[in-house]
Amino acid sequence: MSKFLCFMIGLMLITAGCAYAADEFYIGQWCGPLEKTQASFAEAADAGFNVLWVSGKTVEEKQLGLELCQANGVRGMIVDERPQVRRNSKNDINDLTKSIKATVKDYSKYPALWGYYVIDEPSAVLYDKIAFASNYFLKKDPRHIPFVNLLPTYASSEQLGRPDYKTYVDDFMKTVRPKVLSFDHYTLFKDTAKIRDDYFENMGIIRDAAVKYNVPFHSIILSVPHECYRDPSLNDLRWEVYTALAYGAKGIMYFTYGTPRDPVFKDAIIGLDGKPTAKYAYAKQINAEIKALGPTLLKLHSTGVYHTGSIPRGAEKLQSGNLLDRIEDGDFIIGEFVSNNGDKYAMIVNRSLDKTVKAKVVFSHKVILHELSPIIGAEEPVAVNDETTYSAFHPSKKFAWSAAFKPGQGRLVRVEQVGGLPIDL
């Protein structure tokens, strides 16, 4: 059994919808390291990435990439052209079968292998072929993941191959039956602090499908300026990561790590000169937080996602009267979770891209809060003040946690209600 993935045994290994179990939160990247050297792979590992993009012109070059992954304690996703499902491809199933067999033979024996890249942003017209490729990969190598990444909501119906996005995602889940649900949605525009109206709607559709089919989902975030998208700041990257975590993501992938050799792209985490840009330090800081929180996040199951303040399209408003009653000041996301042993958690995220908010998180009953440290991952006690007011008729109960949230910052807390009362966030 690989260090990074362990699968359910027997028939459930290849049944669709079967979630994989991981001992480490997935932190991956697109495009790189571009150089197959010990120094470049060590640099990526030192930034906190634990699944690296492994491509190259030859099989031997990609095998060297897997060896370098192993030497640096990380995993690799193989990007080999032979078994990829392609748009407008006339390759028949026999050709695809031969390509998958050869690919598995070339790479499956390497301990650092995480999985195989199959296709990015496919139209639904390719789902049958993708399903065949995915199932055949799992038949030949059930220990490793066939990776497919879906289009975002702002794709046209012609691109989707379906009349609407929900159908596009649901048909993918039913037809391909993936081990991981991955998608991208880029929303950081140049010269504006606005985001796409459908960002949270997209996140919600993916989250709902992941819950429905009991499959973990991964979110690909923007880390390279290109076309209409800006050069992400620390606040931008943190916002992208923590909004996904609030919705229950079990993996984050950066687009991109190395800078693609295409003039449309500017410097990514590693610049065109091969040197780290400012985003390298940003990613390293955020990845360290993900790694600290990851062991807890992997054990949590999303039970609801709510918003306060101005409510984005497709999002659900936090209703008063619940245990977590409201958040005073700012626009926030509250991701609610239950752990494997029944404990209740909340990931509370400042939805602002540029403002630190001093917020008051208000509970309707007395609670004990434990915040998970993003530095060491251990629980730390949080002060909750009794601010109950009394009138001639009845008290107005108010138990408040006051805290400052940086732009895009998320804080994960475990919630206990005093007196053994049931927790219903």
Side-chain angles (χ1 to χ4, degrees), residues 2 4-5 7 13-14 16 20 26 28-36 40-41 44 51-70 74-151 161 172 175-182 184 218 220 253 255-258 260-262:
S2 67
F4 213 75
L5 301 173
F7 293 85
L13 260 174
I14 58 174
Y20 72 92
Y26 181 106
Q29 29 96 317
W30 205 276
C31 190
L34 298 178
E35 302 296 328
K36 300 299 185 295
S40 63
F41 275 66
V51 180
L52 306 185
W53 186 264
V54 178
S55 60
K57 295 180 180 180
T58 66
V59 168
E60 291 74 20
E61 187 178 351
K62 290 185 277 287
Q63 289 174 335
L64 173 59
L66 290 176
E67 291 172 354
L68 289 168
C69 284
Q70 185 176 2
V74 298
R75 307 296 296 278
M77 185 190 303
I78 279 294
V79 186
D80 190 301
E81 292 187 356
R82 291 172 295 173
Q84 293 177 27
V85 175
R86 300 185 180 279
R87 300 167 181 82
N88 303 320
S89 173
K90 295 183 179 179
N91 290 345
D92 62 19
I93 295 302
N94 288 334
D95 291 335
L96 195 55
T97 299
K98 293 176 183 177
S99 295
I100 291 172
K101 282 182 178 178
T103 302
V104 169
K105 180 180 179 181
D106 287 337
Y107 307 113
S108 61
K109 64 182 179 182
Y110 286 84
L113 178 64
W114 181 87
Y116 306 94
Y117 171 88
V118 175
I119 190 172
D120 178 43
E121 297 186 334
S123 166
V125 300
L126 293 174
Y127 283 174
D128 287 339
K129 185 173 283 190
I130 294 169
F132 174 83
S134 180
N135 289 334
Y136 198 69
F137 260 123
L138 290 170
K139 179 180 178 180
K140 303 304 292 183
D141 182 9
R143 295 181 302 122
H144 300 113
I145 299 290
F147 178 80
V148 179
N149 180 63
L150 295 187
L151 285 158
F172 175 75
T175 304
V176 178
R177 303 173 77 83
K179 300 296 184 186
V180 172
L181 172 59
S182 176
D184 58 60
H218 293 181
I220 298 182
M253 194 173 187
F255 181 83
T256 61
Y257 176 75
R261 304 298 191 226
D262 184 323

_Taking every non-hydrogen atom, the tightest pair across Thr256 and Pro260_ = OG1-CD, 3.6 Å

*Evaluate the side-chain proximity of Asp80 to Val59: yes if any heavy-atom separation is below 4.5 Å, no if none is.*
yes

*4.5 Å side-chain heavy-atom contact, Asn149 and Val118*: no

*Residue pair Val54, Cys69: steps toward the side-chain contact (heavy atoms from CB on, under 4.5 Å) verdict*: CA-CA 9 Å; Val54 178; Cys69 284; 3.9 Å; yes

*Taking all atoms of both residues into account, what is the closest heavy-atom pair of Gly32 and Gln29, and its distance?*
O-OE1, 2.6 Å

*Run the numbers on Lys140 and Thr103 for side-chain contact (heavy atoms from CB on, under 4.5 Å), then give the verdict.*
CA-CA 10 Å; Lys140 303 304 292 183; Thr103 302; over 6 Å; no

*asked:* Counting C-beta onward and ignoring hydrogens, is there a side-chain heavy-atom pair between Tyr116 and Val79 closer than 4.5 Å?
replied: no

*Leu96 versus Tyr136: any side-chain heavy-atom pair under 4.5 Å?*
no

*Would a 4.5 Å heavy-atom cut-off, applied to side chains only, mark Phe172 and Arg177 as touching?*
no

*Does any non-hydrogen side-chain atom of Lys62 lie less than 4.5 Å from one of Glu67?*
no

*If only atom types and distance count, is the side chain of Ser134 paired as donor or acceptor with the main-chain N or O of Ile130 below 3.5 Å?*
no

*Would you indicate whether the side-chain heavy atoms of Arg75 and His144 approach each other to under 4.5 Å?*
yes

*With sequence neighbours left out, what residues match Glu121 under salt bridge (charged side-chain N to carboxylate O under 4.0 Å, His left out)?*
none

*asked:* To the nearest 0.5 Å, what is the distance between CG on Asp120 and CG on Asp184?
replied: 6.0 Å

*What's the shortest heavy-atom distance between Leu66 and Ala112, and which atoms?*
O-CB, 3.5 Å

*Atom CG of Leu68 and atom CD of Gln63: how far apart are they, to the nearest 0.5 Å?*
12.0 Å

*Applying the ring pair (Phe, Tyr, Trp, His ring centres under 6.0 Å) test to Trp53, which of Tyr117, Phe41, Tyr257, Trp114 qualifies?*
Tyr117

_Given 3.5 Å as the limit, does a donor-acceptor pair link the side chain of Lys36 with the main chain of Ser55, or not?_
yes

*Out of curiosity, Ile100 CD1 to Lys105 NZ, how far, rounded to the nearest 0.5 Å?*
16.0 Å

_side-chain contact (heavy atoms from CB on, under 4.5 Å) for Met77 and Trp30? Distances and angles first, verdict last._
CA-CA 10 Å; Met77 185 190 303; Trp30 205 276; over 6 Å; no

*State, to 0.1 Å, how close Pro122 and Leu151 come at their nearest heavy-atom pair, and which atoms those are.*
O-CD1, 3.6 Å

*asked:* I need the minimum non-hydrogen distance between Ser123 and Gly161, along with the two atoms involved.
replied: OG-CA, 3.7 Å

*Please name all residues satisfying salt bridge (charged side-chain N to carboxylate O under 4.0 Å, His left out) with Asp106, sequence neighbours left out, ordered by chain then number.*
Arg82

*Ala131 backbone acceptor or donor facing Asn135 side chain under 3.5 Å*: yes

_In the structure I gave you, are the side-chain heavy atoms of Ser182 and Leu150 within less than 4.5 Å of one another anywhere?_
no

_On a heavy-atom basis, which atom in Leu113 and which in Tyr107 lie closest, and how many Å separate them?_
CD2-O, 3.6 Å

*Heavy-atom count around Glu81 CD within 6.0 Å, excluding the residue itself: above 12?*
no

*Take Gln84 and Ile119, measure what side-chain contact (heavy atoms from CB on, under 4.5 Å) needs, and give me the verdict at the end.*
CA-CA 6 Å; Gln84 293 177 27; Ile119 190 172; 6.0 Å; no

*For Glu35, look at atom CD and say whether over 12 heavy atoms of other residues, nucleotides or ligands are found less than 6.0 Å away.*
no

